[in-house]
Amino acid sequence: MASVQWHSRARKYEGELQMCRLEVSAVDFSDYHPLKAITVTDSKARRGGRKGSTSSSSSSSSSVALDPLSSMLDGTDPLSLFAAASETPTLPHSISAGELGRKRREKEEEVGSDFEPWSSKRGEILSRFTTTEKLSINLFMGSDKSKASSPSSAVSEKVRTRLEELDDLEEGSQRELLNLSQQDYVNRIEELNQSLKEAWGSDQKVKALKIVIQCSKLLSDTSVIQFYPSKFVLITDILDTFGGLVYDRIWSMCADPHPLPESFSADDVNDTAKETCLNWFFKIASIRELVPRLYVEAALLKCNRFLTNSGIQETLQRLTAMIRGIGDPLVAVYARAYLCRVGMEVAPHLKDSLNKNFFDLLASFRQIHGESVQNQLSQQRVEIPIYLTLYSPAIHWILQCVAYRAPEVLLTETMDRCKKLGNNALLLNSVMWAFRAEFVAMRATDFIGMIKDCDEAGFPKHLLFASLGRSLSCADPPESERLSILNEAWKVATKVRSPRDYINCAEIWVEFTCRHFTKREVNTVLADIIKHMTPDRAFEDAYPQLQSVIKKILPHFHDFSVLFSMEKFLHQQEATRDPVILNALLHICKTMHDSVNALTLDDEKRSLSLLINGFIRMVSFGRDFEQQLSFCVEARATFCNLEPVIIHLIHTVNQLAMETRCVMKGNHSRKTASFVRACAAYSFITIPSLTSIFSRLNLYLLSGQVALANQCLSQADAFLKAAVSLLPEVPRTISIEGKQRSSEPFLLDFINNFLSTLLVVPDHPEQGVLYLVRGLLNMVQDYTWEDNSDAKIRVYISALPLLAAMSQESYLYTIPKVDSNETLYGGDPKFIAEINKLCETLIAQVLDHLKGLGRDEGVRRQSSLAFSLFGCLLAHGDLRNNKLNQLAVNLWNLSHKHGFCDTRTSVRTLEYIKHQAQQADLSHLSDMTARLSLQSRA
């Protein structure tokens, strides 16, 4: 590829725009309407007619629009026809109408997105139930005593050996670790989980089962009772892993000759898979202790699908009955919770087992106050209120499963049973949490009566009223009962001494008050909140709850006069300049800002920034732009630690400058220029304080564009030069949402945006021709790009269209009252020569890079870059020049040399060239088209 002389193609933008517009075609609307039914002719060929007749066909025509989905009911949809044409499927067994009905009901009762999954509760349990006590664990050490059996070993010998291996777990193949901290304990559990996966991966299935049995035994231990809910979460994670491994293993055995469908039955499973599944259940049956045997079999509940169609239902009933043999009520309730969890995952339609678990729980709930439990609590020095909270995750989950899409009558039955138990507060709280808010709201007065009868010693009544308030914030109770409900709830809330407990309850009932009462009642509630939270500055520990109170009030009171008339509240939703309101809100925002420190989480910073930015958007001084700018100066000093707020202020000031340009005209032109320069100074001073380098780059460019639009050329020049000088500081990687990512895509996007702006930027009289373009390209040349990166070359290719546009007599776009280079130079030959020289330098750099990509690992990149440069020459180069024309042909051939160029794109490009060659001033493209050929990979 020899050196080439660049000549830009002369462009006529108006003519090109006209050619790109769609042609207008006349349409006859006499018999057309978009809602008119479509006449469809349906032709069907019938084969194999009545006896003695030949094959015949019939055609029917109907003016009724056929439903495109109705053919699905006939079995004539395209996918079914295709499947029938390719092969004739054989059904393993016939499906009766009753079976179809059962499957349809199961499908309808599947768990939907409105069911809160266990995974969402896991983190809260682990963070809530912690301990400083020392823990112990039996760590599995493995065993090498197993003997390699010969291929001729009898099956009974294998079974005996495996049973001996299971017994080996209880004969010393474990090591007890004592005095572990909570974190050490968690680490040991993670080690066991990893050992389980490694054992399974190395085909040591018995060892994997031993690990699971050992972990399940830990759920019998309540020696550190306050940690039990978290222990349950950790151990059941291992059980879930084991259950998934076994199920996937058996599923894979059913893949021959065809994989099982999702809705398979036991009749579809081959004998080998069934035998393996039975083998696993035989191993589980040999576990001696009740708790590990129960948990391991529950983990494999889904595997019952491989054996019988009713296996899951029968197993659930049997395991539910087995739990009655667990003496410790805490261990039993979590066992029921796990059984309900796997039951909801596998067979959510089996409601009977869920209800049975809950009613069994109610029947055994009196054990909590039994002598054995009281002795245990006395030994561990745990108070009964703390002990009761250990039950809440399990009971909450069980009731959530029971109440999911349950009929209203079930709530009535549950309330009756709770009354017979003496209105246990813990159960009552879970009931109000679990059942639909509409059901609870209709019985709000009944619940209040039950709450009054509860013993407050074990579970405070304000927590029960908080749970009731959550339901009433989602559904409305009968109108005649609303005032009495609020009075009863507030009688309890206002007597709570702890500010933290008080605000947690009051915050919930604010929503109910705003929805159903007037500003008078809301003002009374706010007064009570202020009364409780003011002493000892208790409000400093309750900012999130107080913020929630404000958020709940605002949607119900949009009228400023109503809010302002409440002496306990001050707010304005519309934009305002009132000094009292601004000072009050500015003080609140400053308090939020001053709470930020080195330990503040990024999410909290973003939340605070959004609130403060919302306040800034509300401030408007009308056409008093100088006052608006003064406010932004004050806000910058006040909120200097929140970068999103500073960025928002810079955007606000730039918008202010553009609004000033639109409003202030005529006699105010000098004042406008002075104000815009003040806005530019604000941005120029503020941008360097930002830590995000791409925020700085983009704001420098934006501020330069705003200054240019306001004819402030020296300010625009300063912004653009600052952006160019900042490019070397761009790191090769940046952090996005906590992950390190390459900065190249963002840098290329910025440079392309910057190049498009340079078209309208006039040269500085003291800096020389194209000094900003040269400065940018020099920075790109010196920047340290990633290894094996083509980013620099792509910038060079992107600069060619800019330079070609600069050489035109009339530019594609300009800024009113700003003289671009088209006016300054007026097509001066020396200016055009400088552009051509710079283009030739860039093309030479690109060609040198293409030569270096000739090796095997670079040919794909070479093809892409060559095609990009070809497209640039085609669009912007004067291909009447023989050397430039030959270069374009060479680039085309190079891009297709190794077959990496997209054929469809190449074909469409050729068609475009042929179409362009039909124009009189582009007829020279016809000769070039004859030399362009499509090649494929050899």
S.K.: If you measure from the Lys or Arg side-chain nitrogens to the Asp or Glu carboxylate oxygens, is any gap between Glu408 and Arg443 under 4.0 Å?
M.R.: yes
S.K.: Once the angle between the rings of Trp433 and His396 is folded into 0 to 90°, is it parallel (under 30°), tilted (30 to 60°) or perpendicular (over 60°)?
M.R.: tilted
S.K.: Just how far is it from atom CZ of Phe264 to atom SG of Cys254, taken to the nearest 0.5 Å?
M.R.: 6.5 Å
S.K.: How many angstroms lie between CD in Glu191 and CD1 in Ile211, if you round to the nearest 0.5 Å?
M.R.: 11.0 Å
S.K.: Should Ser181 and Gln183 be marked as a side chain to side chain donor-acceptor pair (under 3.5 Å) after you check the CA-CA gap, both sets of side-chain angles, and the distance that decides it?
M.R.: CA-CA 5 Å; Ser181 67; Gln183 187 58 49; over 6 Å; no
S.K.: Is a salt bridge present between Lys605 and Asp603, judged by a nitrogen-to-oxygen distance below 4.0 Å?
M.R.: no
S.K.: Taking the six-membered ring of Tyr247, is NZ or CZ of Lys302 closer than 6.0 Å to its centre and within 45° of its axis?
M.R.: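 Because its charged atom sits under 6.0 Å from the ring centre and within 45° of the axis, Lys302 does stack over Tyr247.
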S.K.: Within a reach of under 6.0 Å around NZ of Lys205, are more than 12 heavy atoms found that belong to other residues, nucleotides or ligands?
M.R.: yes
S.K.: Are Arg324 and Asp360 close enough for a salt bridge, meaning some N to O gap below 4.0 Å?
M.R.: yes
S.K.: Decide yes or no on side-chain contact (heavy atoms from CB on, under 4.5 Å) for Leu546 and Glu507, but give the supporting numbers first.
M.R.: CA-CA 8 Å; Leu546 295 174; Glu507 170 207 348; over 6 Å; no
S.K.: Does NZ or CZ of Arg336 fall inside the cone over Phe358's six-membered ring, less than 6.0 Å from its centre and within 45° of the axis?
M.R.: no
S.K.: Does a salt bridge link Asp268 with Arg305, judged by any charged N lying under 4.0 Å from a carboxylate O?
M.R.: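 Looking at Asp268 and Arg305, the cut-off is not met.
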S.K.: Please report the shortest heavy-atom distance between Lys231 and Tyr185, naming the atom on each side.
M.R.: CE-OH, 3.5 Å
S.K.: Do you see a donor-acceptor pair shorter than 3.5 Å between the side chains of Glu604 and Thr600?
M.R.: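 On atom types as modelled, these side chains do not qualify, holding no pair under 3.5 Å.
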S.K.: Within this structure, what is the CE-CD distance for the pair Met322 and Gln317, rounded to the nearest 0.5 Å?
M.R.: 14.0 Å
S.K.: Check this for me, if you would: do Lys121 and Glu124 make a salt bridge, where the nitrogen-to-carboxylate-oxygen distance has to be below 4.0 angstrom?
M.R.: no
S.K.: Look at the aromatic rings of Tyr295 and Tyr338 and report parallel, tilted or perpendicular, splitting at 30° and 60°.
M.R.: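 Aromatic pair Tyr295/Tyr338 classed tilted.
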S.K.: What closest approach, in Å, do Ala335 and Ile326 show between heavy atoms, and which atom pair accounts for it?
M.R.: CB-CD1, 4.1 Å
S.K.: Please tabulate, for side-chain N and O atoms in residues 218-227, each donor-acceptor pair with protein atoms closer than 3.5 Å (sequence neighbours left out).
M.R.:
| unit_1 | atom_1 | unit_2 | atom_2 | d |
| --- | --- | --- | --- | --- |
| Asp221 | OD1 | Ser223 | N | 3.0 |
| Asp221 | OD1 | Ser223 | OG | 2.9 |
| Asp221 | OD2 | Ser223 | OG | 3.2 |
| Thr222 | OG1 | Gln376 | NE2 | 2.5 |

S.K.: Salt bridge (charged side-chain N to carboxylate O under 4.0 Å, His left out) between Asp114 and Arg405: does it pass, once the steps are laid out?
M.R.: CA-CA 10 Å; Asp114 55 336; Arg405 296 182 181 175; 3.6 Å; yes
S.K.: Taking only Lys NZ, Arg NE, NH1 and NH2, and the carboxylate oxygens of Asp or Glu, determine whether Arg318 and Glu297 approach each other closer than 4.0 Å.
M.R.: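 Counted as a salt bridge, because a side-chain N and a carboxylate O are separated by less than 4.0 Å.
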S.K.: Do the side chains of Asp476 and Arg515 get close enough for a salt bridge, i.e. N-O under 4.0 angstrom?
M.R.: yes
S.K.: Supply the atom-to-atom distance His462 NE2 to Ile508 CD1, rounded to the nearest 0.5 angstrom.
M.R.: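 Nearest 0.5 Å value for the NE2-CD1 distance: 10.5 Å.
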S.K.: Go through the steps for Tyr228 and Phe129 under the test side-chain contact (heavy atoms from CB on, under 4.5 Å), then give the verdict.
M.R.: CA-CA 8 Å; Tyr228 191 86; Phe129 297 97; over 6 Å; no
S.K.: Report the relative orientation of the aromatic rings in Phe232 and Trp118; use parallel for angles under 30°, tilted for 30 to 60°, perpendicular for over 60°.
M.R.: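 Plane angle over 60°, so perpendicular.
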